[in-house]
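Report on one structure; see the data block that follows.
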Amino acid sequence: MRQKFRQITLSMAFDSITFALFLPLVFLLYWALHQSRRGQNVLLLVASYVFYGWWNWRFLGLILLTTCSAYLCALWVERCKMRGQTKWAATANVANLVLNLGVLGLFKYYDFFATSLNALMMSLGLQADWPLLHLLLPVGISFYTFQALSYTIDVYRGDIRAERDWIGFATYIAFFPQLVAGPIERAGKMLPQFAAPRSFSSEEAVKGCRQMLWGFVKKIVVADNCAPIVEQIFANPDAQGGSTLLYGTLLFAFQIYADFSGYSDIAIGSARLFGLHLSDNFRNPYFATNIPDFWRRWHISLTSWFRDYVYIPLGGNRKGRGRTLANTVAVFSLSGLWHGANWTFVLWGFYHGLLFLPWCIGKVRKVREVRDVRKVRGGREVLKILTTFLLVCLGWVLFRAESITSAKVILWRIVTQMDLSFLQQSKSIVVFAVLMLAAEWWQLPLPRRRWQRWAIYYLLIGLMLWKATASTQFIYFQF
């Protein structure tokens with residue numbers, strides 16, 4: 001089975017020197033074309049293809065195939081519906097689904113299912129020789145594939161009109177800030193932005209730079225410093241005590257949040273530099289008071305995608321309690337599989353599906369979202385937040401472990417073999433992680449005086465220079 005967290009070489013990652021040169025160049029050329037909306041879109045499309053092709057130019061054909069398939073199928077769907085040919089419209093929509101899911105399945109899941117099938121047949125005493133392809137997983141394929149699928153489905157439902165401007169549509173699919181790790185954007189939000197004229201706003205540019213700075217702080221100061229410790233602990237769980245494994249699990253919870261939300265902050269901030277607005281993808285998920293609340297805060301664009309395009313079409317909660325429970329568990333399991341070709345991801349999704357069930361069967365009805373510390377209602381709510389965080393952390397063991405066997409070892413040792421090895425671990429990274437979460441939780445506004453704001457900027461930059469270590473790839477690049 002393929003290793004879950006293998007390194008991927010991407011020389012134009014957000015935290016690379018190449019991107020530090022690339023972004024200002026595109027920014028200057030983009031606003032030099034401020035009188036030409038189409039020229040700006042052409043530039044963004046070319047820049048996005050350069051950005052993606054910098055990793056591996058051969059996979060540009062895949063994103064072009066996805067773009068052309070969705071574009072042409074949506075036009076055909078709309079044309080057939082206008083003529084009353086609903087069967088042909090449905091056929092065109094299904095054709096796009098089959099093509100794009102087929103490509104995604106081939107590159108991401110073929111070897112996984114082939115290996116699993118071979119193992120199953122051998123366990124039954126049957127001959128197992130299903131060939132493996134060993135294909136390299138294209139970065140970001142799950143993200144731009146889902147954007148293309150949602151577009152044609154929305155056109156088929158009549159929620160939006162099919163886009164005639166191929167340049168604008170191709171830019172929507174390939175827009176480089178969110179191309180490889182989201183947020184997964186809806187065509188109904190982004191296409192009007194690419195179709196509208198855009199003028200430079202210094203205020204928006206400053207906000208974008210601030211958000212990018214905060215994203216880099218989370219990535220460099222927290223995620224990159226957690227990564228080597230987490231890697232060392234999870235690489236050999238048999239040699240670790242229960243306290244050390246618990247410490248590694250806690251650090252991974254900090255790492256994955258700082259890494260992924262940091263990426264999202266950089267992506268959203270970068271888009272703001274071009275006068276474009278992406279969706280928020282995180283809202284203090286580790287301060288959720290229950291599991292449904294957590295999923296309204298964590299990877300929001302993916303959660304809403306599965307709700308709108310899988311859960312509701314399956315019947316949602318409209319087909320009785322049994323169907324609701326089955327739909328919930330199935331959707332969470334599929335969401336886990338989306339994250340990677342490993343049974344641990346499926347089990348992680350299944351685990352969260354089970355945690356969600358009390359709200360499905362009506363045992364717990366109210367889901368209250370606490371936005372900041374000023375809205376916490378006493379110790380009982382604090383206890384709910386801590387309990388939810390603990391449940392989420394236990395799930396992260398499944399997400400991070402290399403195999404189900406390793407996950408079982410880690411969880412068993414955490415429960416039964418606690419020791420004092422935790423006291424030997426460095427606590428500085430935990431302090432920085434907690435300060436990061438607290439800063440977002442308190443939502444403190446920046447000072448009004450300019451010199452005070454710049455003092456904070458320089459403090460954050462100095463912190464990054466001080467804590468800078470070997471850069472690790474963004475975790476969600478593998479999905």
Side-chain angles (χ1 to χ4, degrees), residues 37-38 40-42 44-46 48-49 52 59-108 138 140-180 182-198 271 276-279 301-302 304-314 334 338:
R37 173 191 57 81
R38 186 172 182 81
Q40 289 179 322
N41 288 346
V42 170
L44 286 180
L45 180 59
V46 172
S48 298
Y49 278 18
Y52 196 70
F59 288 131
L60 286 173
L62 283 180
I63 196 169
L64 189 60
L65 174 64
T66 295
T67 301
C68 292
S69 170
Y71 176 78
L72 294 174
C73 284
L75 290 175
W76 184 253
V77 165
E78 188 171 79
R79 182 179 181 183
C80 290
K81 293 191 72 175
M82 290 177 64
R83 294 181 174 182
Q85 300 170 331
T86 54
K87 289 185 178 181
W88 283 108
T91 300
N93 187 41
V94 170
N96 182 65
L97 291 173
V98 170
L99 175 63
N100 283 286
L101 290 178
V103 171
L104 178 63
L106 177 66
F107 280 90
K108 189 170 183 177
I141 187 172
S142 298
F143 289 89
Y144 66 72
T145 297
F146 270 31
Q147 286 198 177
L149 294 179
S150 65
Y151 166 70
T152 55
I153 294 172
D154 287 347
V155 172
Y156 177 75
R157 291 174 174 175
D159 295 335
I160 61 174
R161 294 289 305 275
E163 179 61 52
R164 266 66 180 172
D165 178 14
W166 188 86
I167 296 295
F169 178 74
T171 307
Y172 153 68
I173 295 293
F175 186 42
F176 73 87
Q178 47 89 220
L179 172 60
V180 295
I184 302 172
E185 293 292 352
R186 307 293 178 88
K189 176 180 179 177
M190 295 305 297
L191 288 178
Q193 294 189 62
F194 289 117
R198 300 177 285 276
L276 299 166
H277 297 274
L278 301 179
S279 302
S301 62
L302 180 69
S304 63
W305 197 98
F306 272 101
R307 179 197 64 208
D308 294 343
Y309 301 108
V310 181
Y311 179 72
I312 293 177
L314 286 175
L334 285 174
W338 177 92

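Y71 and W166 have perpendicular rings, their planes meeting at more than 60° on a 0 to 90° scale where under 30° would count as parallel.
Not counting sequence neighbours, E163 has no partner by the salt bridge (Lys or Arg N to Asp or Glu O under 4.0 Å) test. For the side chain to side chain donor-acceptor pair (under 3.5 Å) test, residues two or more places apart in sequence or in another chain that qualify with R38 are D165. Residues satisfying the ring pair (Phe, Tyr, Trp, His ring centres under 6.0 Å) test with Y156, not counting sequence neighbours, are none. Residues forming a side chain to side chain donor-acceptor pair (under 3.5 Å) with R307 (at least two apart in sequence, or on another chain): none. For the side chain to side chain donor-acceptor pair (under 3.5 Å) test, no residue two or more places apart in sequence or in another chain qualifies with S150. Evaluation of the salt bridge (Lys or Arg N to Asp or Glu O under 4.0 Å) rule for D159 yields no partner, not counting sequence neighbours. By the side chain to side chain donor-acceptor pair (under 3.5 Å) test, T66 is found to be paired with N100, residues two or more places apart in sequence or in another chain being considered. Every residue meeting the ring pair (Phe, Tyr, Trp, His ring centres under 6.0 Å) condition with F59, not counting sequence neighbours, appears here in chain and number order: W55, F107. Residues passing the side-chain contact (heavy atoms from CB on, under 4.5 Å) test with V46 are V42, V50, sequence neighbours excluded. Residues satisfying the side-chain contact (heavy atoms from CB on, under 4.5 Å) test with A92, not counting sequence neighbours, are W76, V77. Residues passing the salt bridge (Lys or Arg N to Asp or Glu O under 4.0 Å) test with R198: none are found, sequence neighbours excluded.
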| task | Evaluate the criterion side chain to side chain contact (heavy atoms under 4.5 Å, CB included) for residue pair L179 and I63; output intermediate values, then yes/no. | result | CA-CA 10 Å; L179 172 60; I63 196 169; 3.5 Å; yes
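With a 4.5 Å cut-off on side-chain heavy atoms, L64 and Y49 count as touching. Contact check for Y309 versus F146: no side-chain heavy atoms found under the 4.5 Å cut-off. Side-chain atoms of L149 and L97, non-hydrogen and from C-beta on, do get closer than 4.5 Å to each other. With a 4.5 Å cut-off on side-chain heavy atoms, V98 and V94 count as touching. Counting heavy atoms from C-beta on, the side chains of R157 and I153 come closer than 4.5 Å. Taking 4.5 Å as the limit, every side-chain heavy atom of V180 sits out of range of all side-chain heavy atoms of Y144. Using a 4.5 Å heavy-atom threshold, the side chains of F194 and I167 count as separate. Using a 4.5 Å heavy-atom threshold, the side chains of R186 and S279 count as separate.
The salt bridge (Lys or Arg N to Asp or Glu O under 4.0 Å) analysis of residues 80-97, with sequence neighbours excluded, yields no pairs.
Note that CG of L191 is 13.0 Å distant from CZ of R161, once rounded to the nearest 0.5 Å. To the nearest 0.5 Å, atom OH of residue Y172 and atom OG of residue S48 are 13.5 Å apart. Separating the CD1 atom in I312 from the CZ atom in F306 is a distance of 13.5 Å, to the nearest 0.5 Å. Within the model, atoms OG1 of T67 and CG of L62 stand 10.5 Å from one another, a figure rounded to the nearest 0.5 Å. Here the straight-line distance linking atom CD1 of I173 with atom CG of L45 works out to 11.0 Å at 0.5 Å rounding. Remark: I184 CD1 to L278 CG distance equals 12.5 Å, nearest 0.5 Å.
A pairwise comparison of heavy atoms in L99 and S69 identifies CD2-OG, 3.2 Å as the closest pair. The minimum heavy-atom distance between S142 and L104, with the atom names listed, is OG-CD1, 3.7 Å. The two residues I160 and A187 come nearest to each other via the heavy atoms CD1-CB, 3.8 Å.
For the 3.5 Å distance criterion, the side chains of E185 and S301 fail to qualify, holding no donor opposite an acceptor. Using modelled atom types and a 3.5 Å distance limit, the side chains of Q147 and Q178 yield a donor-acceptor pair.
Taking the ring centroids of F143 and W338, they lie under the 6.0 Å cut-off.
The closest donor-acceptor contact from the side chain of T152 to the backbone of A74 lies at 3.5 Å or more, if one exists at all.
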